[in-house]
Every structure is written in structure tokens, then in C-alpha cells.
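So the structure is just underneath, and the comments pick up after that.
Chain identifiers are assigned alphabetically (A, B, ...) following the order of the sequence lines, protein sequences preceding nucleic acid strands; residue numbering begins at 1 within each chain.
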Amino acid sequence: MRTRHYLLATQKETPADAEIVSHRLMLRAGLIRKLSAGLYTWLPTGLRVLRKVEQVVREEMDRAGAQEVVMPVVQPAELWQESGRWVQYGPELLRIKDRHERDFCLGPTHEEVVTELVRNEVNSYRQLPINLYQIQTKVRDEIRPRFGVMRSREFIMKDAYSFHASQASLEETYRAMHVAYCAVFERLGLAFRPVVADSGSIGGSTSQEFHVLADSGEDAIAFSDGSDYAANIEMAEALPPTAARPAPTAALEEVATPGVDSIASLCSHLAVDATRTVKTLVVAGEEPGSLVALVLRGDHSLNTVKAEKLPGVASPLRLVEEAEVRDTFGAGFGSLGPVGVALPVIADRSAAVLADFSCGANRDGYHLVGVNWERDLPLPRIEDLREVVEGDPSPDGKGVLQLKRGIEVGHIFQLGTKYSEAMDATVLDEHGRSVTLHMGCYGIGVSRIVAAAIEQNHDDRGITWPAAMAPFEVAIVPLNMHKSEAVTSAAEALYEHCRAAGIDVLLDDRDERPGVKFADMELIGIPHRIVIGDKSLAEGEFEYKGRKDDEAQRIDRDHALDFLRAKLAG
RNA sequence: CGGUGUGUAGCGCAGCCUGGUAGCGCACUUCCUUCGGGAGGAAGGGGUCGCAGGUUCAAAUCCUGCCACACCGACCA
């Protein structure tokens with residue numbers, strides 16, 4: 001490719017609304033342009049990167065025995081009604097009507113379509129297992145699109161669906177997908193971690209996420225420093241404290257705490273540590289109109305995923321309005337406590353082992369100190385409610401937890417029979433009996449990977465692509481090309497040799513000053529750069545610089561191609 | 001959906017308070033000089049000031065409504 005007629009679309013200035021580095025660089029390097037909120041055009045350079053990611057994914061899926069298909073983006077409502085998700089999925093499902101007023105949706109995922117396909121085409125256990133995948137545009141009407149293609153309303157995803165006659169077969173494919181995913185992210189040169197995950201709205205039991213580690217990640221992940229344990233923080237269990245609850249030593253007392261409406265202000269007012277306080281959160285119960293009080297140690301945070309899975313607690317979790325709380329407790333948020341409340345109370349494991357603690361008095365402007373379970377109030381139901389913090393013991397008993405942030409780029413699920421049962425997808429087994437299919441599903445956020453890779457690979461000049469993802473492998477930068485015939489012919493010759501050798505090469509034949517060319521090639525992150533100028537050319541040499549190198553080096557022009565081949569191979 | 005903020009040339013912004021000729025930088029076009037790290041000069045092109053209504057002799061500016069976008073909280077690849 002030559003830059004002269006190539007839509008390079010680089011820009012010096014950063015659009016004001018780009019918050020994270022990958023979004024800024026994708027705009028500046030001319031990878032994407034925004035059409036509307038959460039909707040992006042992929043420009044030639046961006047598309048090249050996208051295609052490289054797709055190809056790695058495709059190769060590893062094929063290697064793992066999956067077969068590629070393409071399913072429709074537009075899907076009939078009937079299928080979604082059959083699985084129950086037409087009502088369950090919520091407003092994120094973008095619904096449309098055709099000219100006959102029939103309901104359709106734009107596919108956010110394809111469980112229904114693929115199950116419909118397989119129940120028609122596969123009838124015997126002999127045809128199983130089967131694993132079908134596609135690389136295709138998905139549509140989700142995101143509440144809040146942000147960070148460019150990281151969270152957009154339209155995005156490219158690889159989604160695979162496997163079907164099995166038994167749970168054992170499903171587990172085998174699930175493991176194979178785990179291996180394939182690790183291979184994909186390794187080939188792409190990304191620092192990643194597989195983590196135990198919540199299966200969320202897709203359903204099913206076992207699931208793991210693959211996270212690219214980055215400070216800008218939207219997810220927190222917890223992992224042990226003493227074992228392989230790693231989990232999304234939503235799933236990380238906070239183990240029960242090992243120490244028993246101390247005996248009470250203080251007397252129960254109500255103290256005036258004017259203006260105190262938070263744990264922080266309570267601590268400074270009473271000169272106590274947050275670990276000796278308790279906070280009370282009120283959420284909706286399972287029965288319509290009912291409430292449940294959740295009690296956590298002052299320095300801990302509620303884990304909403306854990307909470308909404310508890311029997312008696314409404315799912316999705318709903319924190320109630322202050323007015324509602326006031327009706328029940330007679331006090332506002334800042335003065336709530338578990339003493340003397342008529343509601344079901346659930347205490348976190350850490351809160352349940354406190355003695356002589358402080359909490360709200362259920363009277364505005366007052367708190368209780370010296371509170372003790374079983375003396376001042378009954379010991380309530382105890383559950384794991386809180387978010388783990390750094391330094392907690394690892395749930396597998398080995399080591400302590402560390403927290404990092406991650407970008408979810410892959411997710412594998414064992415769905416079980418959720419969809420096959422709802423949609424009556426069965427085969428006959430070797431005894432001629434009808435068995436419900438077991439199902440797995442496996443997603444990779446292809447467009448998100450592009451952004452995630454930039455989060456991990458950039459410097460103050462631009463993107464520093466991992467080799468496998470770079471839009472071009474080699475940039476040829478001739479200096480003074482329009483004036484020097486020697487430079488022109490050398491550049492043209494090297495360009496043709498590279499093309500003949502199958503190298504992805506970009507020849508910068510623009511009539512621009514050197515600084516402009518260098519800056520652009522570095523911004524878009526081409527890993528290898530050959531500069532051809534009159535001075536070095538007179539000595540029969542080119543100049544080579546790797547994108548991450550500090551210094552350029554001279555190379556013999558006659559061996560430039562071999563030199564590049566060696567660089568690309570290694 | 002709630003909270004906050006912003007809509008003026010392709011991009012980044014000023015002008016609005018105090019109504020009166022629509023401006024700056026980058027980018028773009030032409031010419032001259034320059035040419036190994038985002039050059040200098042000269043001359044140009046490009047805007048229904050988000051939309052609709054209102055106030056006024058006069059609205060980018062004041063008022064009302066609507067729309068769009070961004071950021072902060074509940075969703076997910």
C-alpha cells in the first residue's frame with residue numbers, strides 16, 4: 001500500500017470526548033470514526049487490525065474443531081419468545097418491526113438461532129458433539145456506550161456454540177475452548193488472565209472470563225499470590241474470619257452524633273476505626289414490597305452479585321429509596337442500624353464476628369456504641385455479602401488476594417440445557433431414547449480486543465502493536481523522494497521486493513517533510529521502519545528502526561529484505 | 001432512566017455575561033522558500049452559530065420548548 005492514495009486519516013489533535021488512551025489513539029491514528037453514540041466506522045487501518053485479530057481467532061477455532069457459519073443479524077421475535085428472553089432480556093435488546101408489523105430484534109447474541117438450526121439439522125447422537133461459530137456484528141442497545149469501541153452498541157464478536165449428548169462431552173469441549181482461547185490471546189501478544197466468572201443473564205452454571213490486564217479496565221479481578229486462583233471480584237468469596245467473636249466488654253450506649261451521615265464521619269466523630277463499625281443497607285426482598293436489611297463491616301463494600309443470589313433478596317438487586325427507609329426505620333440512611341429492626345437481617349461474615357461495635361441508632365443524629373450480637377440483638381442470618389479486598393485470604397486457601405483491573409475480552413460458559421430444554425432441542429441416543437442437548441457457548445470480543453491491545457501497548461508517540469495485530473508489518477519512509485531519483489528507485493525496489501515476499505508493507509510516498517512521516521508511522525504503530533535517504537544511500541545503506549527501539553541502525557541495502565524477513569520471523 | 005455539563009467551519013476552541021459586520025489555531029487549496037523529527041511567508045475556500053418557537057428595529061448572544069452528544073451511577077464481549 002502507498003500512503004499517497006491511502007486514507008491514513010491521522011490527526012494531531014485529540015477529540016475532546018475521548019476519555020481513555022485507546023479511544024484517543026484509535027481516533028488519532030485513523031482507525032475509527034464515530035458516526036453516532038456507540039456506532040463507529042472502521043477506516044482502512046483499523047479494519048486491517050480487526051482482520052488480523054479475526055484471522056487468529058478463526059485459525060484457533062478451526063484448529064479446535066469448530067466450524068464457521070454466519071447467522072442473521074435480524075432475528076424473529078418468535079424464537080426469543082420461545083426461549084423466554086423476549087421479555088427477560090430487557091431494553092438492551094434492540095427490537096424492530098417489519099412492514100407487516102411483525103416483531104424482530106437485532107441479535108445481541110445467537111443462542112436462539114443456533115439452537116433452532118441444530119434442532120432441525122442434528123437428530124442423532126452420532127452427529128455430536130458439534131461446535132459452530134461465527135465472527136459477526138452484534139447489536140446491543142447499551143445503556144451507556146463509552147470508551148469508543150470498548151463498549152459500543154454495535155461490535156464484532158466471535159461467538160461459538162457447542163452441542164452435546166452428555167455433560168461429560170460438554171466439559172471436554174469447554175476445556176478445549178479454554179485451551180484455544182489461551183492460544184488466541186498468546187498469539188495476539190496480550191497479557192491476560194482467565195478468571196472464574198458469574199454467568200449472568202446468559203444463564204448456565206460454570207463460566208470463565210478472559211481478561212486483558214489494564215488499569216482502565218471496567219472489571220476488578222482478584223487473584224491469589226500463592227496459587228492459580230483468579231476470579232472476577234463479583235465471584236470471589238470472602239472466607240469466614242478464622243478468629244472467634246470476642247466476648248463483650250463495653251456497655252451499650254446511645255450517643256448523639258449530629259451531622260454524622262457516613263462511616264467516615266462516624267469514625268472521626270467517635271475516634272473509632274471503620275473496622276469496628278457496621279453499616280446497614282436496605283434492599284428489596286423477594287416478596288413484592290418486602291425489605292431486607294444487609295449488615296456489613298464499615299470498611300467493606302456490598303457485592304451486589306452475591307447479594308442478589310441470596311434467597312429472600314430480590315433479583316436484580318434494588319437499593320431502596322431513603323423515603324421508604326424512613327417509613328420503616330424512622331431514620332434516614334445515615335443513622336440506620338440492625339438493633340431492634342423488625343425486618344429480616346442478613347449480616348456479612350466479617351460483621352458477624354465483631355464485638356463492641358458502633359452502628360446507627362435508627363434515630364436521626366444518634367448512633368449506638370458498644371453493641372454486641374446475642375446480647376443487644378439476636379445473631380442474624382450470616383452470609384458472604386461483601387466484596388473481597390486486597391490482602392484477604394484466597395478462597396482456595398493458598399496465599400492472599402491481590403486486585404487488578406481487567407478488560408473482559410472473552411467468556412466461556414457451560415449453558416447446560418437452558419436453551420435446548422426451552423426450545424426442545426433433542427437427539428436420539430444409542431438406545432433410541434430422546435435426550436435433551438447439553439450446550440456450551442464461547443464468546444470473544446473481537447473489536448474490543450483491538451482497543452484492549454492498545455491499552456496495553458502504547459507510548460507517548462502512539463501505538464506499539466504486538467506483531468500479530470499491526471496493520472502493516474513494515475513502513476518504508478523515503479526522504480526527499482520527489483527530488484532524489486536514487487531514493488525513489490531504491491524505495492520502489494524495496495517496496496516491490498517486500499510485496500513479492502508477502503510482507504504487509506506501507507510505502508510513504510507522500511510529499512511530506514520527514515518529521516510528518518515519522519510521526520504518522522509511529523502513531524499508527526508499524527513495528528518495523530526502513531528509512532531511505534540520500535546520505536546513507538550513498539554508502540549503500542538503509543536505516544532500520546523497530547517501533548520500540550531507542551536507536552536506528554544502518555543495514556546493507558542489498559540484504560534489507562533478508563534482514564526484514566529475519567525481524568518478522570523472530 | 002437519574003445527576004452534571006456541552007452544542008459556533010473537518011478537528012480543537014473563543015465570542016454569549018453587557019444583543020448591532022461570525023472569529024482564532026490545526027487541517028484544506030494555490031504560489032514562493034524550506035526539506036532527517038509534526039517548517040516559514042503570501043493569498044484563498046469553507047459556517048442555516050444543534051432544531052423550533054418567542055422577545056426585539058435587530059438574536060450565536062436574552063426567554064421557552066425540543067433534540068443530540070459527553071461525563072458520573074444500575075448492564076456486558
Judged by each residue's nearest nucleotide on RNA chain B, which is more toward the 5′ side, A:Ala37 or A:Ile444?
A:Ala37
May I ask you to decide if A:Gln11's main-chain N or O and A:Arg28's side chain share a donor-acceptor pair within less than 3.5 Å?
yes
Nucleotide paired to [N] in any strand shown, Watson-Crick or G-U, under 3.5 Å:
| N | result |
| --- | --- |
| B:rG65 | B:rC51 |
| B:rA9 | none |
| B:rA42 | B:rU30 |
| B:rG37 | none |
| B:rC1 | B:rG73 |

Touch class at under 4.0 angstrom, heavy-atom based, for [X] against every strand present:
| X | value |
| --- | --- |
| A:Asp219 | base |
| A:Ser152 | base |
| A:Ser447 | nothing |
| A:Met481 | nothing |

For B:rC76, does OP1 or OP2 lie under 4.0 Å from any side-chain N or O of A:Lys138?
no
In whole angstrom, give the distance that lies between atom CD of A:Glu154 and atom P of B:rA77.
17 Å
Between B:rC76 atom P and A:Met150 atom CE, what is the distance in whole Å?
18 Å
Does any pair with a residue in residues 468-482 of chain A pass side chain to side chain donor-acceptor pair (under 3.5 Å), and if so which ones, sequence neighbours excluded?
A:His482-A:Asp511
Passing candidate, side chain to side chain contact (heavy atoms under 4.5 Å, CB included) with A:Thr3, options A:Lys517, A:Arg510, A:Glu512:
A:Arg510
Counting heavy atoms from C-beta on, name the nucleotide in B:rA70, B:rC72, B:rC76 closest to the side chain of A:Arg146.
B:rC72
Ring centres under 6.0 angstrom apart (A:Tyr544, A:Phe563):
yes
Is the count of non-hydrogen atoms from other residues, nucleotides or ligands lying under 6.0 Å from A:Arg33 atom CZ greater than 12?
yes
Fit a plane to each ring of A:His23 and A:Tyr40, take the angle between them on a 0 to 90° scale, and name the class: parallel (under 30°), tilted (30 to 60°) or perpendicular (over 60°).
perpendicular
base_contact_polar (B:rC75 base, A:Arg151 side chain, donor-acceptor, <3.5 Å)
yes
Centre of A:Trp86's six-membered ring, under 6.0 Å away, within 45 degrees of the axis: is that where NZ or CZ of A:Arg95 sits?
yes
Reading nucleotides 30-42 of chain B from 5' to 3' and marking B where a protein heavy atom lies under 4.0 Å of the base, S where only the sugar-phosphate is that close, and - otherwise, the string is ----BBBBBB---
